[in-house]
Peer 1: 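Pasting a structure here, questions to come.
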Amino acid sequence: MIHRDIGSHGSMTGDDPDPLKDALDLQNRVRSLRALLELQRWQIEVLNGRLYSPDPGGTAARRLLALKRSETEPLRAPKAVNDP
C-alpha cells in the first residue's frame with residue numbers, strides 16, 4: 001500500500017499529485033504498448049506467411065513443425081484389436 005504522504009511519483013515533499021503529468025505518462029505508455037502490439041501483429045503475419053505459404057518452403061516448414069510437435073508428445077503404445 002502506498003503511504004498517504006507519498007505523492008503519485010514517490011515524492012515525500014507533500015506536493016499534490018499532478019493529474020496532467022499522470023495522464024501524459026499514461027498516454028505515452030498506451031502509445032508504446034500499441035506500437036509493441038503492432039510490431040507483434042506484423043511478426044505474426046510474417047511468420048504465418050512463411051509457415052503457411054503455398055510454395056515448397058512453406059510445405060517443408062509445416063512438416064518440420066509437425067515433426068517437432070510429435071517429438072515432444074509422449075509415446076503411446078498402439079492398441080491391440082481386442083483392447084477396449
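We number each residue from 1, following the sequence as shown.
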Peer 1: Would you call R29-D25 a salt bridge at under 4.0 Å N-O?
Peer 2: no
Peer 1: Could you grab the distance from atom CG of L36 to atom CZ of R41, nearest 0.5 Å is fine?
Peer 2: 12.0 Å
Peer 1: What is the distance from atom CD of Q40 to atom CG of L33, rounded to the nearest 0.5 Å?
Peer 2: 10.0 Å
Peer 1: For a 4.5 angstrom cut-off between non-hydrogen side-chain atoms, does R34 reach E38?
Peer 2: no
Peer 1: Using the rule that Ile, Leu, Val, Met, Phe, Trp and Tyr join whenever any side-chain heavy atoms are under 4.5 Å apart, tell me whether L39 and V46 fall into a single cluster.
Peer 2: yes
